Amino acid sequence: QVRVVESGGGLVQPGGSLRLSCAASGSIFSIATMGWYRQAPGKERELVASITSGGTVNYADSVKGRCTISRDTGKNTVYLQMNSLKPEDTAVYYCKFARGGYLNNGYWGQGTQVTVSS
């Protein structure tokens, strides 16, 4: 069993920055993939960014150039640095942990709210 916990969300002005954290604990394997998703009211949950145990990263087109996903040394914590935030970025951000190199299956966190507003 894996526990996934997100933190770091909050209220930020347009153009501001936030750093989200995701900690995974429990049955953790060295070969794993972690990713950040977001879901706004009335919209489907979408993948924002992902990172593999080998360091391969992927970003959604909507956040390329504004977001950076990274890992800690133990690969059990991932971060999402978000800069130049826009009101369109407002959503609940969820972290997902999956064993292996893909996010087609895995464990979800509870989510953390990000609100971009002046």
Side-chain angles (χ1 to χ4, degrees):
Q1 189 174 23
V2 175
R3 184 190 182 206
V4 182
V5 180
E6 307 98 330
S7 63
L11 175 65
V12 64
Q13 297 184 40
S17 300
L18 280 176
R19 183 171 181 259
L20 307 182
S21 299
C22 174
S25 61
S27 184
I28 306 299
F29 294 90
S30 59
I31 302 177
T33 302
M34 299 185 72
W36 285 98
Y37 295 73
R38 67 184 181 187
Q39 186 169 26
K43 300 183 66 177
E44 294 184 353
R45 189 172 299 184
E46 62 178 353
L47 178 65
V48 177
S50 65
I51 185 167
T52 69
S53 57
T56 301
V57 299
N58 287 287
Y59 298 97
D61 290 339
S62 59
V63 301
K64 282 184 177 178
R66 300 189 296 119
C67 296
T68 302
I69 188 170
S70 60
R71 304 171 296 166
D72 71 350
T73 303
K75 301 180 180 180
N76 63 340
T77 301
V78 295
Y79 306 93
L80 184 67
Q81 178 68 46
M82 305 182 68
N83 303 316
S84 302
L85 285 165
K86 307 173 181 179
E88 306 91 89
D89 295 317
T90 297
V92 177
Y93 283 70
Y94 298 89
C95 183
K96 187 178 183 181
F97 170 90
R99 298 183 180 91
Y102 305 95
L103 283 169
N104 57 308
N105 190 28
Y107 303 86
W108 291 97
Q110 296 295 313
T112 183
Q113 176 70 233
V114 172
T115 302
V116 184
S117 176
S118 59

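Please read all numbers here as calculations on a predicted model, not as lab measurements.
- Nearest approach of M82 to C67, heavy atoms of both residues: CG-SG, 3.7 Å.
- Two different hydrophobic clusters hold V78 and V5 under the rule that ILVMFWY side chains link at heavy-atom gaps under 4.5 Å.
- R38 contributes atom CZ, which lies 10.5 Å from atom CG of L47 (distance to the nearest 0.5 angstrom).
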Donor-acceptor contacts, no H, no angles, side chain residues 100-107, under 3.5 Å, sequence neighbours left out:
from : atom 1 : to  : atom 2 : distance (Å)
Y107 : OH     : R99 : NH1    : 3.2

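- Counting non-hydrogen atoms of other residues, nucleotides and ligands closer than 6.0 Å to CD1 of I31 gives a total of 12 or fewer.
- With rounding to the nearest 0.5 angstrom, the OG atom of S50 is 7.5 Å from the OH atom of Y37.
- Pairing each heavy atom of S84 with each of R66, the nearest pair is O-NH1, 3.1 Å.
- F97 and A24 get closest at one heavy-atom pair: CD1-CB, 4.1 Å.
- Residue pairs satisfying the side chain to side chain donor-acceptor pair (under 3.5 Å) criterion with at least one member in residues 9-26, sequence neighbours excluded, are listed as follows: S17-N83.
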Under 3.5 Å, sequence neighbours excluded: what are the donor-acceptor pairs made by side chains of residues 110-118?
from : atom 1 : to   : atom 2 : distance (Å)
T112 : OG1    : G9   : N      : 3.1
Q113 : OE1    : T115 : OG1    : 3.4

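- Residue I69 holds its CD1 atom at 12.0 Å from CD of Q81, rounded to the nearest 0.5 Å.
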Legend entry - Audit row: Y79, T68, side-chain contact (heavy atoms from CB on, under 4.5 Å) steps and yes/no: CA-CA 8 Å; Y79 306 93; T68 302; over 6 Å; no

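- Salt bridge K86/D89: absent, no basic N to carboxylate O contact under 4.0 Å.
- A distance of 12.0 Å separates SG of C22 from CD1 of I51, quoted to the nearest 0.5 Å.
- Taking CH2 from W36 and CG from L20, the interatomic distance works out to 4.5 Å, rounded to the nearest 0.5 Å.
- Hydrophobic clustering of Ile, Leu, Val, Met, Phe, Trp and Tyr side chains at less than 4.5 Å, counting indirect connections, keeps M34 apart from V92.
- For the atom pair E46 CD and Y94 OH, the distance stands at 12.5 Å (nearest 0.5 Å).
- Taking all atoms of both residues into account, the shortest heavy-atom contact from G54 to R71 is N-NH1, 4.1 Å.
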